[in-house]
Amino acid sequence: MSVELETSEGVDESEKKSFGASEKENHTRMADLSELLKEGTKEAHDRAENTQFVKDFLKGNIRKELFKLATTALYFTYSALEEEMERNKDHPAFAPLYFPTELHRKEALTKDMEYFFGENWEEQVQCSQAAQKYVERIHYVGQNEPELLVAHAYTRYMGDLSGGQVLKKVAQRALKLPSTGEGTQFYKFENVDNAQQFKQLYRARMNALDLNLKTKEKIVEEANKAFEYNMQIFDELDQAGFLLAKETLEDGLPMHDGKGDVRKCPYYAAKQDGGTLEGSSCPFRTALAVLSKPSLQFILAAGAALVAGFLAWYYV
């Protein structure tokens with residue numbers, strides 16, 4: 001007697017069918033791209049939501065100048081993302097996720113840039129080195145591996161519909177921005193009536209993409225790369241703060257008085273390479289100096305933009 005017959009002996013036929021259907025359903029659910037992304041990026045998600053910078057931002061510790069620079073970084077990011085989405089709107093691996101009317105943010109970001117910088121805003125801004133690497137990655141993916149574009153689109157837009165709304169409220173309250181939306185158009189999705197229902201639709205469309213397991217795993221890997229690119233922006237922000245510390249001492253700007261936990265300073269470098277906090281200097285003065293120097297402002301912009309992305313995952 002075969003092993004199959006021995007293990008099925010005494011089992012009712014209807015029960016076998018029910019068990020088989022249940023097992024197949026569970027396997028299908030676990031193979032859903034949304035589930036794979038959720039589980040596959042959990043570690044990166046946890047690291048992101050526990051950064052000191054994100055925690056401070058949620059408390060409202062954000063300067064208006066920094067928020068303006070964050071908007072700048074977001075503009076460059078979404079310009080690249082939506083350019084590649086437009087390029088691949090008919091590609092079978094991405095077409096079902098093409099929602100320009102509901103999701104695209106470049107037009108809204110343009111309004112925010114005009115609000116903060118004036119009509120000649122394009123002459124005043126630039127993309128940081130780390131942010132530029134991420135922009136280049138988006139362009140590479142869109143032009144060479146469009147199926148991986150799913151990772152970037154899902155990470156950004158689903159987050160904007162979730163944590164981004166929290167960030168909007170924090171910014172409006174902390175920076176006294178108009179409740180009518182000036183300066184925060186980026187977070188306003190006028191053509192999405194119900195964010196929760198839309199996210200469910202988006203995930204369903206994503207799960208229905210005709211992709212094999214290997215491709216899905218590559219998409220999860222790409223999503224983790226997106227987190228790494230963002231962490232590189234944080235590193236760039238930290239390095240800039242330390243490099244400018246000596247220069248800012250000459251500017252005569254007020255700084256943290258050194259009392260209490262230095263980590264409570266909003267601009268404290270969130271990542272320490274195994275060093276001790278004792279004797280560490282607060283980079284608060286550094287950040288203020290950077291804000292006054294156009295040639296270095298883009299570095300803080302990239303760091304603040306990262307907060308939006310991290311808050312996105314925090315509330316997805």
Side-chain angles (χ1 to χ4, degrees), residues 3-4 17-49 77-100 102-104 130-163 198-233 306 309-310 312-316:
V3 174
E4 290 183 355
K17 289 183 179 180
S18 176
F19 175 77
S22 177
E23 186 176 33
K24 182 177 180 180
E25 180 180 353
N26 184 61
H27 176 75
T28 299
R29 184 183 66 81
M30 293 307 297
D32 280 347
L33 184 53
S34 62
E35 291 292 328
L36 292 173
L37 277 168
K38 180 179 180 180
E39 293 300 318
T41 59
K42 189 178 187 301
E43 182 179 348
H45 183 187
D46 291 343
R47 285 190 289 119
E49 68 183 22
T77 300
Y78 280 87
S79 293
L81 180 58
E82 289 168 9
E83 178 181 337
E84 295 308 327
M85 289 170 64
E86 187 67 26
R87 185 197 308 275
N88 293 283
K89 62 182 180 181
D90 296 320
H91 193 286
F94 186 77
L97 302 180
Y98 183 67
F99 291 96
E102 293 85 355
L103 295 180
H104 282 197
Q132 182 61 32
K133 289 182 179 179
Y134 184 64
V135 165
E136 290 173 357
R137 178 60 185 176
I138 292 175
H139 282 310
Y140 174 85
V141 165
Q143 297 171 29
N144 298 279
E145 300 180 87
E147 64 277 8
L148 301 185
L149 197 60
V150 174
H152 298 286
Y154 174 73
T155 300
R156 289 304 326 176
Y157 294 113
M158 294 301 96
D160 296 332
L161 288 168
S162 302
F198 185 86
K199 287 188 292 183
Q200 292 176 353
L201 169 64
Y202 196 93
R203 292 189 180 98
R205 290 280 190 92
M206 188 170 60
N207 291 336
L209 292 173
D210 187 15
L211 305 171
N212 57 40
L213 184 58
K214 183 178 181 179
T215 300
K216 292 178 180 179
E217 291 173 346
K218 289 183 65 177
I219 291 174
V220 174
E221 181 181 353
E222 186 67 22
N224 278 298
K225 284 183 179 180
F227 274 103
E228 291 305 317
Y229 278 110
N230 285 326
M231 291 304 294
Q232 287 176 22
I233 295 176
L306 175 60
F310 280 176
W313 282 97
Y314 187 86
Y315 286 96
V316 164

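These numbers come from the heavy atoms of this one structure, side chains and all, not from hydrogens, waters or symmetry mates. Quick note: residue numbers are just sequence positions, from 1.
In terms of heavy atoms, S162 sits closest to K199 at OG-NZ, 2.7 Å. Heavy atoms only, all atoms of each residue included: T77 and I138 are closest at O-CD1, 4.1 Å. Residue A223 comes nearest to A151 through the heavy atom pair N-CB, 3.7 Å, listed as atom of the first residue, atom of the second, then distance. Nearest heavy-atom pair across N224 and A44 is OD1-CB, 3.6 Å.
The main-chain N or O of P92 is never found under 3.5 Å from a side-chain atom of D210 such that the two would form a donor-acceptor pair.
With sequence neighbours excluded, the residues that form a side-chain hydrogen bond (donor to acceptor under 3.5 Å, both in side chains) with N212 are T215. Applying the side-chain hydrogen bond (donor to acceptor under 3.5 Å, both in side chains) test to K133 and every residue at least two apart in sequence or in another chain returns nothing. By the ring-ring contact (aromatic ring centres under 6.0 Å, His included) test, F94 is found to be paired with no residue, residues two or more places apart in sequence or in another chain being considered. For the side-chain hydrogen bond (donor to acceptor under 3.5 Å, both in side chains) test, residues two or more places apart in sequence or in another chain that qualify with N207 are S34. For Y157, the ring-ring contact (aromatic ring centres under 6.0 Å, His included) criterion is met by Y78, not counting sequence neighbours.
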Got a list of side-chain donor-acceptor pairs under 3.5 Å for residues 140-150, not counting sequence neighbours?
residue	atom	partner	partner atom	Å
Q143	NE2	E84	OE2	3.4
N144	ND2	Y140	O	2.9
E145	OE1	K218	NZ	3.0

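Between atom CE of residue M85 and atom NE2 of residue H91 there is a gap of 14.0 Å, rounded to the nearest 0.5 Å. Separating the OG1 atom in T41 from the CD atom in E221 is a distance of 13.0 Å, to the nearest 0.5 Å. A distance of 9.0 Å separates CD of E222 from OG1 of T155, quoted to the nearest 0.5 Å. A distance of 10.5 Å separates CG in L211 from CG in L36, rounded to the nearest 0.5 Å.
Ion pair E86/K89 flagged as a salt bridge, since at least one NZ, NE, NH1 or NH2 atom sits closer than 4.0 Å to an Asp/Glu carboxylate oxygen.
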Subject >> Trace of the side chain to side chain contact (heavy atoms under 4.5 Å, CB included) decision for K225 with Y134 >> reply: CA-CA 9 Å; K225 284 183 179 180; Y134 184 64; over 6 Å; no
**OP:** In sequence, state the C-alpha distance, the side-chain angles, and the governing distance for L103 and F198, and then conclude on side chain to side chain contact (heavy atoms under 4.5 Å, CB included).
**Re:** CA-CA 10 Å; L103 295 180; F198 185 86; 3.5 Å; yes
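Contact annotation: the side chain of Y202 never approaches that of L161 to less than 4.5 Å [non-hydrogen atoms, C-beta and beyond].
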